[in-house]
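Below is one structure, written out as structure tokens; the observations come after it.
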Amino acid sequence: MSSCLDAARPETAPAETSRFRPAIHFTARDTWLNDPNGLVFYDGVYHLFFQNNPYGNVWGNMSWGHATSRDLLHWTEHPVAIACDETEDIFSGSVVVDHGNTSGFGKADAPALVAIYTSAYKAGSEHSGTQAQSLAYSTDAGMTWQKYEGNPVLTRNSANFRDPKVFRYQGDQGDCWVMVAVEAQHQKVVFYRSEDLKSWDLLSDFGPANADAGEWECPDLFPLAVDGDPENIRWVLIVNVNPGAVAGGSGGQYFVGNFDGVRFTPDPGSIVAPEGLASLPDTDAGSAALRQCLWLDWGRDCYASVSFSNAPDDRRIIIGWMNNWDYANELPTSPWRSSMTLAREVRLTTVNGSARLVQQPVLADPCAGEELPTSKGQMNADTLELRNSALRLPDAVPGSAQIIDAEILPGSAERFDFRLFGSSDGSRGTILSYNTTSAQLVLDRRQSGNTCFHGKFASVESAPVDLEDGVLKLLIVVDHCSVEVFVQSGKVVLTDLVFPETENRENWLSAEGGSATILKLAVSTLT
Ligand code: FRU
């Protein structure tokens with residue numbers, strides 16, 4: 001069993017931490033990663049570029065790493081795509097398929113992939129001290145990249161202008177490219193338009209609003225049909241914030257509203273604080289208001305989520321960085337450090353009269369039907385009664401992720417708990433509880449394993465969750481060092497990292513203070 005004394009040990013040896021390597025989440029082989037960048041689907045392949053330090057496993061030397069996948073679960077890492085040099089670090093950004101060859105980098109019948117990234121200029125550059133937007137392009141389906149000689153293509157002489165997300169906008173006046181980026185320290189999203197990706201005109205800005213105690217980073221903007229109705233399109237503006245997210249440190253908020261090609265106007269129901277909450281952060285009213293904002297994830301470890309461009313069948317699929325800047329550089333793994341979240345398909349659904357995002361993990365190849373390709377059933381139970389008692393579930397299996405799909409009627413129980421990665425004496429584990437009185441789902445990782453590598457890691461997160469027809473539906477994905485929980489068909493999501501002791505693999509479900517009925521409990525593994 002680990003204790004806080006472990007924090008005094010020298011860097012954990014690779015062999016000891018290979019057991020934390022996830023089965024179905026992307027990690028770089030032996031280096032550091034942060035934000036997903038340039039998510040794009042092209043010619044049957046999903047490309048994941050990512051903030052990468054090619055020379056180490058802490059943040060630095062920022063370049064775009066590269067990985068590809070056909071099923072969004074299994075990834076192949078490739079050589080660095082866009083490397084830093086003596087003048088610039090390559091910060092976050094996006095990739096578009098330039099179908100109309102508007103940039104001239106490709107050919108009419110062979111479109112280029114164009115990366116729009118932030119040049120974070122170094123002391124050796126004539127632009128030193130500023131961040132500006134630059135281009136690189138690929139004419140071999142994303143495998144090799146050339147920087148554009150006319151870089152940067154957009155500057156504001158700002159030290160914190162970054163994270164461009166570009167998409168094709170189809171408006172009444174025709175099509176154009178739209179960029180959303182941030183003035184990070186002013187808590188503003190800025191909107192630009194372009195015909196050719198090279199010359200950009202300012203359209204408008206948005207913010208501060210809602211959670212604004214930290215820098216605004218990695219925005220995204222996309223339309224979705226509410227409840228699948230093509231006549232009812234709303235726009236989702238994702239704004240990541242660090243620090244000042246609902247669970248502490250970094251996290252992603254979103255706004256629902258309208259984008260008319262110039263300006264984003266939030267729906268009144270998605271605005272808690274029109275001028276931002278920063279003036280209230282330490283008051284009870286401030287923390288209550290923070291919980292009213294719209295959150296992509298209520299856990300500690302989902303940041304910088306952005307969506308794929310050019311995804312098939314108009315699906316909107318996002319990936320986040322499964323980490324938190326509070327302790328990111330100190331995660332107890334080596335030589336690799338950090339992973340991405342699962343890919344999540346997002347939709348808009350009406351909840352209590354307002355359009356809200358729901359997320360489902362992509363656990364099957366989106367192009368290959370609904371079957372889980374390599375899943376193995378471990379347990380499939382229905383209609384079980386738990387009264388002040390505990391049920392042992394199949395153990396976690398090294399080398400596999402585990403998926404727990406449960407529907408529970410809490411009935412008279414005051415709470416029920418999943419204990420994941422538990423010890424046989426019951427003293428250790430990651431506890432996921434539902435409290436029927438407070439209607440809160442709580443994820444407690446204080447006894448989850450190694451929590452001592454950073455003072456901010458041991459934590460308890462909670463999210464408000466209403467039962468639906470008296471039932472709580474949970475889809476829990478556990479993958480060696482992470483727990484992702486999709487609640488009520490993805491209306492609420494909680495993601496936390498955990499670093500359990502090798503020997504603690506037991507999973508349990510228990511009910512306290514009354515009787516709960518398990519309507520469905522399916523446990524399977526995925527490799
Ligand atoms: C978000 C972020 C971005 C920036 C990148 C640098 O995690 O700070 O704003 O582009 O990371 O690595």
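Just follow the structure's listing: the first ligand is 1, and inside any ligand the first atom is 1. For reference, positions follow the sequence shown, starting with 1.
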Review point. After noting the C-alpha distance and the side-chain angles of Thr27 and Arg21, does the key distance pass the side-chain hydrogen bond (donor to acceptor under 3.5 Å, both in side chains) rule?
Key: CA-CA 8 Å; Thr27 53; Arg21 174 90 75 174; 2.9 Å; yes
Review point. Does Arg162 count as lying over the ring of Phe91, i.e. NZ or CZ under 6.0 Å from the six-ring centre, within 45 degrees of the axis?
Key: no
Review point. Looking at Phe308, is Arg316 sitting on its ring face, NZ or CZ under 6.0 Å from the six-membered ring centre and within 45 degrees of the normal?
Key: no
Exercise for review: Measure the distance from atom 8 (O) of ligand 1 to every protein heavy atom, then report the residue, atom name and distance (to 0.1 Å) of the closest one.
Suggested key: Glu217 OE2, 2.9 Å
Exercise for review: Would you mind checking which non-hydrogen protein atom is closest to atom 2 (C) of ligand 1, with the distance to 0.1 Å?
Suggested key: Asp35 OD2, 3.4 Å
Review point. N/O of Asp163 under 3.5 Å from N/O of ligand 1, yes or no?
Key: yes
Practice item. Give the minimum heavy-atom separation between Val246 and Asp297, together with the two atoms involved. Key: CG1-O, 4.1 Å
Review point. Quick one: does Trp298's side chain get under 4.5 Å of Glu461's, heavy atoms only?
Key: no
**Study point:** Ring centroid separation Tyr46 to Phe41 under 6.0 Å
**Key:** yes
Check your understanding: Under 6.0 Å between ring centres, would you say that holds for Trp145 and Phe49?
Key -> yes
Side chain or backbone of [X] under 4.0 Å from ligand 1, or both, or neither, by non-hydrogen atoms?
{"X": "Trp321", "answer": "neither"}
{"X": "Asn34", "answer": "side chain"}
{"X": "Ser92", "answer": "both"}

Go through ligand 1 atom by atom and flag the ones less than 4.0 Å from a non-hydrogen atom of [X].
{"X": "Arg162", "result": "3 (C), 4 (C), 9 (O), 10 (O)"}
{"X": "Gln51", "result": "5 (C), 6 (C), 12 (O)"}
{"X": "Trp59", "result": "6 (C), 12 (O)"}
{"X": "Tyr303", "result": "1 (C), 7 (O)"}
{"X": "Trp325", "result": "1 (C), 7 (O)"}

Review point. Among pairs that include at least one residue of residues 482-493, which meet side chain to side chain donor-acceptor pair (under 3.5 Å), considering only residues two or more places apart or in two chains?
Key: His25-Glu484, Arg344-Glu484, Glu468-Lys491
